[in-house]
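Only a predicted model underlies this, so the values are computations on that prediction, with no experimental measurement involved.
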Amino acid sequence: MFRKLALVTLLAAIATGCTAASRSSVAPGPHTELAAKQAAFRARPLVLVRDGMWRGEGVAYGMHRDGQRPFGRSPSRAQMAEDLRIIASHWQAIRVYGAADLGDSILKTIKDEHLGLTVMLGAWIAVEETLPDSTGVVKRFPDRLASNRREVDAAIRLAKTYPGIVSSVCVGNETQVSWTDHRTPPAVLIRYLREVRAKTKVPVTTADDFNFWNKPESDAVARECDFIVLHAHPLWNGKQLEEAVNWTRSTLEDIKSRHPGQRVVVGETGWATQYNDVGDQGKLMKGRVGEAEQATFFAAYHAWVQKDRVPSFIFEAFDENWKGGDRADEVEKHWGLYHADRTPKAAMAN
């Protein structure tokens, strides 16, 4: 999620319309060998209706429980099935942030359990090379290049293996916004977007904060996407609870106006139940938090999403205590609508 790695969904059924836009060029370099020389780009339709039902409301899913973490101990198949059954009783879609490690297990569970969920499948992109520094030097990291290769290959394979479940592939998460800790050169991201799109049939996109999508430099990346995935967190942006949903709505409308003709999906928004006064969260967060406040936000947000048919993923299903530092009140641990032990918070208690 926001400022931290969150492990690794959406969209299925009757197609909406297509849009066309020019494909941007990428400066020659070591990462442009796969750049397509197409003169035009036709967006693949984002499909949100199945069996006559709108299925555009989803939730971000991080699966690691207490004692588990990415690249460490993983959840069991039974634990994952429990999670996905909980999710399927409330949402139609999930978003996951990576493909290589647990993507196959998630998708197989959805298929075997007949859960009917669709998945926006992530391909996590780490910093395989930096932007040039003040002297023009670019640093490269072969181990991260290998990791990115593994993620992209897995996303392509899984999109082909589970065509009725993987509804889109999201290549990279918050790789472009200025404050990210894994900022990636646009040419590298575009190379991966083009490769995944060339080797799959589903819509392909990338996810980033509104403070990237509202900048002119986002245009080149947006033109490579079948739709835009927007992160808009009112709590991180100093908003009070009373203004949170309206701020999210106005932020969405602003990004849509800057990228006319492209569908925009809210890929992350939410309201944490705890934060502390240390670091960025202490400087930036002003709103009241707690289970009652989260429930208020979620009820208002859900009502707006359903009324206006806003394609959206709330952040997130379950608390993830592996995130952040050692402090128990670190905000990254407390975005879930369920506790880490899978008991519901107030927003989901009823």
[X] and [Y]: which non-hydrogen atoms are nearest, and at how many Å?
| X | Y | answer |
| --- | --- | --- |
| G267 | H231 | C-CD2, 3.9 Å |
| M63 | D83 | O-OD2, 4.1 Å |
| P75 | M80 | CG-CE, 3.8 Å |
| T206 | W213 | O-CZ2, 3.6 Å |
| F227 | V265 | CD1-CG2, 3.6 Å |
| K333 | G325 | NZ-O, 2.9 Å |

- Message: Could you check whether W304 and Y301 have their ring centres less than 6.0 Å apart?
- Response: yes
Does [X] come within less than 4.0 Å of [Y], counting only side-chain N to carboxylate O?
| X | Y | answer |
| --- | --- | --- |
| R288 | E242 | yes |
| R157 | D153 | no |
| R85 | E82 | no |
| D112 | R77 | yes |

- Task: Let me see the working for E195 and I156 under side-chain contact (heavy atoms from CB on, under 4.5 Å), right down to the final yes or no.
- Result: CA-CA 9 Å; E195 179 184 357; I156 292 168; 4.2 Å; yes
- Message: Go through it in stages, so that I can follow the logic: the residues are L235 and H233, the test is side-chain contact (heavy atoms from CB on, under 4.5 Å), and I'd like the CA-CA distance, side-chain angles, deciding distance and then a yes or no.
- Response: CA-CA 6 Å; L235 188 59; H233 282 273; 5.6 Å; no
- Item | Verify same cluster id: Y192, L131 (apolar side-chain graph, 4.5 Å) | no
- Message: Is there a path of hydrophobic side-chain contacts, each under 4.5 Å between heavy atoms of I/L/V/M/F/W/Y residues, joining V127 to I125?
- Response: no
- Task: Go through D226 and L46 one step at a time and tell me if the side-chain contact (heavy atoms from CB on, under 4.5 Å) criterion holds.
- Result: CA-CA 8 Å; D226 292 299; L46 180 61; over 6 Å; no
- Item | Option passing ring-ring contact (aromatic ring centres under 6.0 Å, His included) with Y338 (candidates F298, Y61, F318) | F318
- Message: Please evaluate residues K111 and I165 with respect to the criterion side-chain contact (heavy atoms from CB on, under 4.5 Å), reporting the C-alpha separation (whole Å), side-chain torsions for both, the decisive distance (0.1 Å), and the verdict.
- Response: CA-CA 8 Å; K111 180 180 179 180; I165 298 174; 3.7 Å; yes
- Task: Report the distance from atom CG of D209 to atom CD of E268, rounding to the nearest 0.5 Å.
- Result: 9.0 Å
- In this structure, OG of S105 is separated from CG of L84 (nearest 0.5 Å) by 10.5 Å
- Which word best sums up how the rings of W247 and F210 line up, parallel for under 30°, tilted for 30 to 60°, or perpendicular for over 60°? perpendicular
- Message: Looking at K139, I want to see if its NZ is surrounded by more than 12 non-hydrogen atoms of other residues, nucleotides or ligands under 6.0 Å.
- Response: no
